[in-house]
Number of protein chains: 2
Amino acid sequence: MIGIKEIAKAANVSPATVSRVLHNPELVSEAKRNQVLEVVKRTGYTPNSLGVSLRKAKTHKLVAIIPDVISAFNYPVIRAIESMALEHGYSLLLGDTQELECRERSFAAMAKSRQADGIFLFCSRLPFDLDESLSLAEQLPPIVNACEMVEVSGIPKVNIDNRLAAKDATNYLLSLGHKRIGVIAGNLQTPSTIERLDGFKSALQAAGIHFQPELLQAANYSLALADKATRELMSKKDKPTAIFAFSDEMAMSCISTLNDLGIHVPHDVSVMGFDNISYSAYMNPALTTVAQPMAEIGRKCMELILPQLEGEPMAESLHILPHELIVRKSTGPAQKA
Amino acid sequence: MIGIKEIAKAANVSPATVSRVLHNPELVSEAKRNQVLEVVKRTGYTPNSLGVSLRKAKTHKLVAIIPDVISAFNYPVIRAIESMALEHGYSLLLGDTQELECRERSFAAMAKSRQADGIFLFCSRLPFDLDESLSLAEQLPPIVNACEMVEVSGIPKVNIDNRLAAKDATNYLLSLGHKRIGVIAGNLQTPSTIERLDGFKSALQAAGIHFQPELLQAANYSLALADKATRELMSKKDKPTAIFAFSDEMAMSCISTLNDLGIHVPHDVSVMGFDNISYSAYMNPALTTVAQPMAEIGRKCMELILPQLEGEPMAESLHILPHELIVRKSTGPAQKA
DNA sequence: CTGAAAGCGCTAACAA
DNA sequence: TTGTTAGCGCTTTCAG
């Protein structure tokens, strides 16, 4: 691979001049500038960014650490982050952890090993070993935590109010007359799931309805497990008249299974999703769900990391973005028993 | 950020020894080794990989250049690549181009600027300016082209036989008695779409059926455009009895629209998809589709790039992996007119 | 306006 | 077994 020295030699200038031509052309006489430009074009020279980054101690890369990059939910937030990152001269690396802590840590290590300048954390574990005696800002790279909150304080965080969102969704189901509502939850260990469950229970309680543990199934955001969960739910002697799935994907699987079972949605059973992914409007029936403002979440993430990248110390902050209930065709009035 | 020199100083050894402890511990006496290890642990030192990569001229990173990272189709191939890459000490960077040539080029530039050692190309443009006078191997980094074939020869390629796959799918529809088959294609400029269309036409021709241009709609893999295309198709005076969508996602949208229109799938109209994404079994009705062996595609990609990464010159090769027709519930016998 | 020289953090050849 | 040295490719003082 050709380097700056070869270019310099071929153009009869010093490496420093080549560098100037590339970054501060106004500092170089037109004659030399053209010589250099000519050689650069002819050879297709591209500066080795390892050298650049090493020298400048800046990579202009950010990494997003995500349990499941490709989930239809994460995509729009990534897109938003990336497009805003681009405007600010950063590029985004996608780190799909497949929920594995070792992968969370190895992506996080990219910041420590200076392969990236900052980190977006979409998982609920902080993939760093903290030293109690040091301040967070000293130990952590520029970082923003979103969607699945880490329990450590002092980090900028952005999220929706999962508890309230689930409560709103549940209240809507309740308002339709549903009294037995099944839940297909994600990973029960996960903060967002815990909060949603809490919101669900509190809505029930406010309506004077007892929470039935048998109506709760965890399906870990998997299509196959959601199918199983649905069958489980519908096998109870006292079947639910509505099912609240904590992701649209699980809701999709749920509807599909209900259909297999000869149960009509929403006539026999209503189904509520969560997220409002792009597919949800195209499900059959179109899915009633709680929309998360994914693009806004992404933009807020970028907004919060930028000052840190500029050198400002990390500061605690929590940004709750609004959710919205989207009523479509998968929910309807409860059948009279 | 702490560097190797500080570690060396703190452990009373030279930087070289620190490096040895980290990479060839057996070359260092136990005493010094422990001193160093102690300091490393205490300080949480991580080598700056910019320095390492610069020195070794190797980044152990590969980038996948993909029109749409998050499409349910691409995900499994990425997963397969990544897991195999990991086994070989490489990590995978995801470059989502959003179909923009400028983005294809900027990700490709990561190889030129030594931020990555090799490239997986899932788009149909070669994002490099070729110099006719030089050999490909001299100009291109280690590279493998998959799914959307670039027209340049000399590059290892992996794909399915799109033409045959579409032909098989069409023949199945034909065998069900369908004679008017609508097509919702992807991007008409794209090689895979052209091939699929070609396979579709040839199946029609073999059955003695004339291809009707009015029954062809392009929807560019978008849910919204597929909805429009479906409405367009069903607005013809002579409506199709089957629709072949060139992606499962478009098929999903198509089914949803048909449903809105009061048209029952598969009773009134059959719908065939393409890809066999994980969602397709959970659509309503479950989707009949052509499965692409995504994991295998991914593995083959890795297999083909490895020798290049080892220094072997790039060699022309074409690997066609088998597709498979998956019959589910969205297709049925044609209605008698 | 331009070049020489130093140095970013690391590793590997060479000497000791 | 260990340290010294040079150098990966680049940018940026500092002189001139």
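Just so we're on the same page: letters track the sequence lines, and every chain starts at 1. Note: hydrogens, waters and symmetry copies are ignored here, and every other heavy atom, side chains too, is used.
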Counting heavy atoms from C-beta on, name the nucleotide in C/dT11, D/dG9, C/dA12 closest to the side chain of B/Leu54.
D/dG9
To the nearest Å, give me how far apart CG (A/Leu22) and P (D/dT11) are.
7 Å
Candidate nucleotides C/dA4, C/dC10, C/dA12, ranked by approach to the side chain of A/Ala16 - the nearest
C/dA4
Write down the distance between CD1 (B/Ile4) and C1' (D/dG3), rounded to a whole number of angstrom.
13 Å
Salt bridge between A/Glu151 and A/Arg125, side-chain N to carboxylate O under 4.0 Å?
no
With heavy atoms under 4.0 Å as the rule, sort B/Arg20 into base, sugar-phosphate or nothing.
base
Where each residue is assigned the nucleotide of DNA chain D containing its nearest heavy atom, which of B/Lys32 and B/Gly51 is assigned the position nearer the 5′ end?
B/Lys32
Ignoring the backbone of B/Pro15, work out which of D/dC10, D/dG3, C/dT11 is nearest its side chain.
C/dT11
Whole-Å distance, B/Lys56 NZ to C/dG9 C1', equals 13 Å
Using OP1 and OP2 only, check whether a side-chain N or O of A/Ser29 sits under 4.0 Å from C/dT2.
yes
Give the nucleotide from the list C/dG3, D/dG9, D/dT2 with an atom nearest to the side chain of B/Val28.
D/dT2
Which whole-number value in Å describes the distance from A/Asn34 CG to C/dC1 C1'?
15 Å
Within the structure, does a side-chain N or O atom of B/Lys58 lie under 4.0 Å from either OP1 or OP2 of D/dC8?
no
Starting from the 5' end of DNA chain D, give me the residue, A/Ser19 or A/Lys5, whose nearest nucleotide shows up first.
A/Lys5
Which of the following nucleotides, C/dC10, D/dT2, D/dT4, is nearest to the side chain of B/Arg55?
C/dC10
Do NZ/NE/NH1/NH2 and the carboxylate oxygens of B/Asp129 and B/Arg105 come within less than 4.0 Å?
yes
Take atom OH of A/Tyr45 and atom C1' of D/dT11, then tell me their distance rounded to the nearest Å.
11 Å
